[in-house]
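First the structure, in the form of structure tokens, and then the observations on it.
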Amino acid sequence: MPDVMSSSRLIGVGVGPGDPELVTVKGVNALRAADVVVVPVMDTGDQGRAEATVLHYVGAEKVVRVVFALNERTDRGRREAAWDAAGGRVAQLLREHSSVAFATIGDPNVYSTFTYLAQTIGELVPGTVIETVPGITAMQDLAARSGAVLTEGTEPLTLVPVTAGAAVLKDALSGPGTVVAYKFGRQAQAVVEALRETGRIEDAVWGSALGLPEESIRAAAELDGRPLPYLSTLIAPARRDGGRGGKL
């Protein structure tokens with residue numbers, strides 16, 4: 001049965017795309033102030049990027065691994081069962097501790113596991129105070145490392161998860177402004193084709209494992225369509241031909 005009331009706090013902390021130096025000061029303080037830090041792991045038990053980043057700032061004794069079906073996209077029943085189990089485990093931690101942090105790569109309000117967890121906790125432990133600490137996103141990191149400019153003047157910025165289908169990406173590329181694609185590693189061939197068909201491949205850049213030893217940043221034109229790491233990021237900058245300040 002749900003708790004009648006809780007005064008515990010659940011804090012979603014964005015820990016950036018992987019480089020431990022890109023965790024904000026506020027994020028580090030939140031991780032250290034929490035009684036426990038939950039990190040999501042897949043059922044394989046392999047250490048995730050969030051956990052690896054967190055361990056730069058807090059001791060392993062404070063970290064609690066919770067299994068989420070992060071890689072389950074087809075079996076809804078299995079995914080829902082995993083969510084229920086994960087939510088139950090975090091709810092238990094909130095009943096035992098006054099402050100629980102949940103570490104998520106990137107930002108907790110951008111395509112994050114934390115969104116679903118917060119909804120579940122709101123039902124299981126009513127009264128829980130839910131907060132978020134923003135984090136650096138992969139598109140910001142890739143822009144900085146590659147020199148790609150995300151926006152100028154009045155340009156729009158479109159962020160597309162390619163798990164929604166390559167057609168959604170192609171529609172975005174056909175429009176104005178910069179387009180960023182997330183989670184497209186398994187559909188790399190379709191992404192390359194969409195870039196070529198819309199004439200957007202020349203200035204596009206791809207990156208994965210940003211800030212980590214296995215980091216890879218390449219021009220999209222060099223991609224041959226073979227599968228890439230799942231957490232791949234693509235930036236296709238807006239067409240700019242008006243000179244300095246041309247979009248103001």
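Computed from a predicted model, the values in this text were never measured in an experiment.
Closest of all the heavy-atom pairs between Ala204 and Leu195 is CB-CD2, 4.2 Å. Nearest heavy-atom pair across Pro17 and Ile136 is CD-O, 3.5 Å. Minimum interatomic distance between Phe114 and Glu131 (heavy atoms only, all atoms of both residues): CZ-O, 3.8 Å. Across every non-hydrogen atom of Ala188 and Pro227, the tightest pair is CB-CA, 4.4 Å.
The local environment of CD in Glu214 is crowded, with over 12 non-hydrogen atoms from other residues, nucleotides or ligands closer than 6.0 Å. Within a 6.0 Å sphere centred on CD of Gln47, other residues, nucleotides and ligands contribute more than 12 heavy atoms.
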Please test Ser112 against Asp107 for side-chain hydrogen bond (donor to acceptor under 3.5 Å, both in side chains), starting from the C-alpha separation and ending with a verdict.
CA-CA 7 Å; Ser112 170; Asp107 182 278; over 6 Å; no
Worked verdict on Val160 versus Phe184 for side-chain contact (heavy atoms from CB on, under 4.5 Å):
CA-CA 9 Å; Val160 177; Phe184 69 90; over 6 Å; no
For a side-chain contact (heavy atoms from CB on, under 4.5 Å) check, start with the C-alpha distance between Thr53 and Ile105, then their side-chain angles and the critical distance, and finish with the verdict.
CA-CA 9 Å; Thr53 304; Ile105 59 172; 5.8 Å; no
Applying side-chain hydrogen bond (donor to acceptor under 3.5 Å, both in side chains), run through Glu123 and Gln119 and close with a yes or a no.
CA-CA 7 Å; Glu123 297 172 358; Gln119 293 173 350; over 6 Å; no
Can Tyr111 and Leu159 be said to form a side-chain contact (heavy atoms from CB on, under 4.5 Å), step by step?
CA-CA 10 Å; Tyr111 299 129; Leu159 175 59; 3.6 Å; yes
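Leu234 and Val168 fall within a single hydrophobic cluster, where Ile, Leu, Val, Met, Phe, Trp and Tyr side chains are chained together by heavy-atom contacts under 4.5 Å.
Put simply, the side chain of Asp35 never gets that close to the backbone of Val100: no donor and acceptor are under 3.5 Å apart.
Tyr116 and Trp83 have perpendicular rings, their planes meeting at more than 60° on a 0 to 90° scale where under 30° would count as parallel.
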